[in-house]
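Only one structure is covered here, and it is reproduced in the block below.
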Amino acid sequence: MWMDLFVDGSSRQTSARLFDQIRDAIVTGRLRARDRVPPSRALAVELGVARSTVAAVYARLLAEGFLDARVGDGTFVADGCPMSPAPARSSATGEAERRVDDVTDLVVRADLRTGSPEPGLFPLVDWRRCVTAAAAHRPPGYGDPAGVPALRRAIASWVSRSRGVIASPGQVLVTSGAQQAFDLIARTLLAPGDMVAIEDPGYPQARRAFERHGRIAVPVAVDHDGIDVTSIPHDVRAVYVTPSHQSPTGVTLSSARRRELLALAARQDMIVIEDDYDTEFRYVDRPIEPLRRLDQAGRVLYVGTFSKTLSPSIRLGFVIAESWMIDDLCATRSVVDAQPPHVTQAALAELIMRGAFDRHLRRARRVYRTRHELVARATQSLHEQGLVPAPWRSNAGLHSMLALDPSTATGPLVERLARRGVSVASTEEWSLEVVRPALLIGFALADIAQLGIAFDEITRALQRPRST
Ligand SMILES: Cc1ncc(COP(=O)(O)O)c(C=O)c1O
């Protein structure tokens with residue numbers, strides 16, 4: 001027996017129960033990153049259920065990032081899925097298991113998962129040159145925990161040029177992605193029991209970073225103008241927002257709300273964490289000034305990442321804030337991991353300073369713009385056919401949200417699409433109190449052809465909600 005799975009009831013209940021049990025096993029660490037899952041045929045026989053039921057459950061786990069499938073190599077627990085611990089060192093049995101012939105039985109025709117940019121767009125030739133240049137010198141030993149000076153300078157000048165955020169290199173802290181920035185801010189600038197207002201729906205990993213340290217996340221509703229500033233409670237110490245491209249709705253925080261938020265921060269003596277994670281890709285309108293640029297009082301910590309522009313595996317991001325805050329964050333950082341790897345930092349500094357990063361962004365923006373247009377048109381068409389409510393306006397980034405009729409059960413819809421080869425997640429994980437059924441349409445991993453297939457399937461599924 002692979003693991004203790006319990007099934008009974010109708011096929012829909014069976015599939016929901018199987019999904020919950022496998023996901024829980026992953027989240028609680030009973031199944032670990034890179035553990036292999038049995039082929040759907042074998043598990044179906046073991047459990048006495050239809051193979052299509054197991055295949056649909058696997059497809060949904062894949063769509064939501066809990067599993068990973070490689071053609072010819074089988075299906076595994078994904079690396080880095082929420083709270084899944086690192087794999088144990090491989091044992092003899094583990095190696096033997098890895099040799100078992102396992103055939104991936106899920107054909108993904110359209111991959112709408114969010115999170116990563118298109119790997120094919122990565123500027124490999126330039127990156128290789130920059131890494132070679134960075135590795136040409138002997139490693140310098142322990143460096144500044146705030147980051148390699150060349151990279152702090154490069155980020156300061158790039159951010160001031162591209163987003164109007166003016167900072168000296170001393171106001172830049174290089175982090176291991178945006179996630180480390182949230183973690184350091186939670187540990188350093190907030191105390192146990194402090195309340196942090198977060199967007200609802202909002203980015204789950206940021207919320208987890210605050211909650212992990214005993215800070216209390218208070219959900220605040222989001223509408224078509226972004227976070228509802230008037231609903232932010234009076235006793236919060238911080239607000240976490242994604243103003244340029246709200247995660248997941250995609251809306252832009254209006255100018256009026258930005259000013260209200262900063263005024264509130266001043267009145268209530270709170271800090272604002274501005275997560276600007278993907279607006280290097282903006283397609284339709286002019287960007288609105290970042291909160292950090294509008295901020296007169298030094299309350300805004302501006303967080304950026306290279307996960308969307310280059311790759312999440314580069315693991316580099318940054319915080320821009322007042323120098324005293326950077327010093328405090330840096331002191332925490334020095335006892336956490338000293339610094340990100342020197343070579344990667346130095347290579348990224350080269351990439352930016354040589355102009356190769358800007359060239360890459362221009363090229364990637366052109367590719368994503370056509371996909372963004374297709375998604376906007378297809379969403380509008382679904383609305384005009386009466387299949388979905390009015391779209392949420394998303395002008396930037398690598399995903400848009402497809403709002404669904406409030407009575408839609410997203411679990412079965414996601415499963416049905418997965419059975420038809422469309423890997424897509426719902427926004428369930430992003431929502432706390434505000435429940436609005438929606439799909440997250442990522443367009444970084446799916447090209448125009450795949451997006452066409454995906455919207456055909458979505459249209460069909462919404463036209464015939466009960467068929468399979
Ligand atoms: C809202 C939001 N912020 C930040 C990030 C980037 O995180 P990191 O830089 O840790 O990869 C993501 C990635 O998906 C995101 O969705």
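Start at 1 and go down the list; that is how both ligands and their atoms are numbered.
Contact atoms of ligand 1 toward Gly177: 9 (O), 10 (O) (distance under 4.0 Å to a heavy atom of the residue).
Checked against a 3.5 angstrom limit, the closest N/O atoms of Ala178 and ligand 1 fall inside it. The N/O atoms of Ser176, backbone and side chain alike, include none that comes under 3.5 Å of an N/O atom in ligand 1. An N or O contact shorter than 3.5 Å is missing between Ser247 and ligand 1 by distance.
A distance-only check finds no donor-acceptor pair linking the side chain of Arg292 to the backbone of Pro290 [under 3.5 Å].
Here the protein heavy atom with the shortest distance to atom 3 (N) of ligand 1 is Asp275 OD2, 2.6 Å. When hydrogens are left out, the protein atom nearest atom 5 (C) of ligand 1 is Tyr203 OH, 3.7 Å; that is the closest non-hydrogen contact. Atom 13 (C) of ligand 1 has as its closest protein heavy atom Lys308 NZ, 3.0 Å. Scanning all protein heavy atoms for the shortest distance to atom 11 (O) of ligand 1 gives Ser307 OG, 2.6 Å.
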side-chain contact (heavy atoms from CB on, under 4.5 Å) between Leu67 and Phe76, intermediate numbers included: CA-CA 6 Å; Leu67 295 183; Phe76 301 86; over 6 Å; no
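Salt bridge status for Arg208 with Glu429: present, with a side-chain N to carboxylate O gap under 4.0 Å. Electrostatic pairing of Arg34 and Asp79 counts as a salt bridge here, judged by a charged N lying under 4.0 Å from a carboxylate O. One finds a salt bridge joining Asp223 and Arg257 here, because a Lys/Arg side-chain nitrogen approaches an Asp/Glu carboxylate oxygen to under 4.0 Å. Electrostatic pairing of Glu457 and Arg109 counts as a salt bridge here, judged by a charged N lying under 4.0 Å from a carboxylate O.
Neither the backbone nor the side chain of Pro312 has any atom closer than 4.0 Å to an atom of ligand 1 (non-hydrogen atoms only).
When the heavy atoms of Gln205, Glu199, Arg315, His245 are ranked by distance to atom 10 (O) of ligand 1, first place goes to Arg315.
Centroid-to-centroid, the aromatic rings of Trp127 and Phe306 stay 6.0 Å apart or farther.
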